[in-house]
Amino acid sequence: MAQPLDFCVFSVLVTGSNRGIGLGLVKRFLELPSPPIWVFATTRDLEGEKTKELREMVCRYPNLVVLQLDVTKPESIQAAQKEVEKCVGEGGLTLLYNNAGIWIFNDLQTENAKDTMRVYSVNTIGPLLMSQAFLPLLKKAARRSPCQGLSTSKAAIINMSSIGGSIELLPSWHQHPMLGYRCSKAALNMLTKCQSLGYSADGIMSVAIHPGLVKTDHSPVPEISVEESTQGIMAVLSKLCEDDNGTFVDYLGHRLPW
C-alpha cells in the first residue's frame, strides 16, 4: 500500500514505540513527505537494549523526541505530558496513538486476578489515563486547526485495539483463548465509543484500530509484517473523517463488528 501523500499533522505521540508496531508507526510518521513538527515516541526504559534503535533515530530526526513513559503509572504520564507541553506549546497535540499493550496466554481455567489486572492496567486503563492527561493538549490542537469537522489532522485519539476483542467474531478462540487480553480489548472498544461521544464536541475524533495479525516477538498467529500493518494504518489514518468517529476498523479501513 502506498504511503499517503496528503496526511499532515502538527504533532503525534505513540505509546509503546520502542519496538514492533509502535516503532513502525514512528518511522512511518517521520518518513511522511510533510512529517509532523513533533513526533513523540515513548518507552518504559530509555536506556534498555530494546530502545537502542529508537535512540539512534534521534540523531537523524530533529523532530523526534523520546520520552520515558509507563502508562500504568499516573506520575509517569503526568511527567511525559509536561515534556510534550513544553515542546508543542499552544499548538497542542494533534494525535494521541495509544499503542502500548500486552497479552498473557491464559484460558478460562488458568486466568487469575493478578494477570487480568496487569493486562487491563496496560490495555484499557492506560489509554484512559493517557487520554485524560493529554485532553487539554488535544483540545488546543482542535481549537487551532483550520480543518472543518473531525479528522486526524485536527485532533484525534487512536486506540490500538484487536479483532480478538470482537464479541461477535471471537476469532481463534480454541487455539488462543487469551481471556484477559480479549476482555481488555473489548473494554477498550467501549472506551473508544464513550470517548467518541464525550470528546466530539471539542473537535476530537476517537477511533479503535485493529492492526492485523502482525509478526512481532510474541505473536501467536503472525500473518503480515510490521511494515504492511503500519503502512496500512497510515493510509487509514489519512482518510478518517467525521463519519468514522467512534468506529472499530482494521488496518485496511474495513469496519469490524463490536
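- Between the NZ atom of Lys185 and the CG atom of Asn159 there is a distance of 8.5 Å, given to the nearest 0.5 Å.
- Checked for salt-bridge contact, Glu85 and Lys82 miss the test: no charged N lies under 4.0 Å from a carboxylate O.
- The aromatic rings of Phe248 and Trp258 lie parallel to each other, with less than 30° between the two planes, well short of the 60° mark.
- Between Leu138 and Ile204, the closest heavy-atom pair is CB-CD1, 3.7 Å.
- Shortest non-hydrogen contact noted between Ser162 and Tyr181 is CB-OH, 3.2 Å.
- Closest non-hydrogen pair, Cys147 versus Lys154, comes out as O-NZ, 3.6 Å.
- When all heavy atoms of Leu179 and Leu108 are compared, the closest pair comes out as CD2-CD2, 3.8 Å.
- Atom CE of Met205 is separated from atom CG of Leu95 by 10.5 Å, given to the nearest 0.5 angstrom.
- Looking at Ser196, its side chain does come within 3.5 Å of a backbone N or O of Lys193 through a donor-acceptor pair.
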**OP:** Show your working on side chain to side chain contact (heavy atoms under 4.5 Å, CB included) between Ile102 and Asn123 and close with a plain yes or no.
**Re:** CA-CA 7 Å; Ile102 61 170; Asn123 296 0; 4.0 Å; yes
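- Within the 4.5 Å cutoff, no side-chain heavy atoms of Tyr61 are placed close to those of Pro35.
- Note on Leu69 and Leu93: same hydrophobic cluster, where clusters join Ile, Leu, Val, Met, Phe, Trp and Tyr whose side-chain heavy atoms are under 4.5 Å apart, directly or indirectly.
- For the residue pair Thr110 / Asp107, a side-chain donor-acceptor distance below 3.5 Å is found, with atom types taken as modelled.
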Subject >> Working for side chain to side chain contact (heavy atoms under 4.5 Å, CB included), residues Ile233 and Met160 >> reply: CA-CA 10 Å; Ile233 289 171; Met160 189 71 95; 4.1 Å; yes
Subject >> Working for side chain to side chain contact (heavy atoms under 4.5 Å, CB included), residues Lys50 and Asp45 >> reply: CA-CA 8 Å; Lys50 293 178 181 178; Asp45 184 5; over 6 Å; no
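- In terms of heavy atoms, Ile209 sits closest to Leu237 at CD1-CD2, 3.9 Å.
- Shortest non-hydrogen contact noted between Ala133 and Gln78 is CB-NE2, 3.8 Å.
- Defined by atom type and a distance below 3.5 Å, a donor-acceptor pair is present between the side-chain atoms of Asp70 and Thr72.
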Original post:
Do Leu13 and Phe134 pass the side chain to side chain contact (heavy atoms under 4.5 Å, CB included) test, and can you show the C-alpha distance, the side-chain angles, and the key distance before you say yes or no?
Top reply: CA-CA 10 Å; Leu13 185 150; Phe134 284 88; 3.8 Å; yes
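- Taking a cutoff of 4.0 Å between a charged side-chain nitrogen and a carboxylate oxygen, Lys27 and Glu53 qualify as a salt bridge.
- The hydrophobic clustering, which links ILVMFWY residues whose side-chain heavy atoms are closer than 4.5 Å, places Val65 and Val26 apart.
- Note that the OG atom of Ser131 and the CG atom of Leu96 stand 5.0 Å from one another [nearest 0.5 Å].
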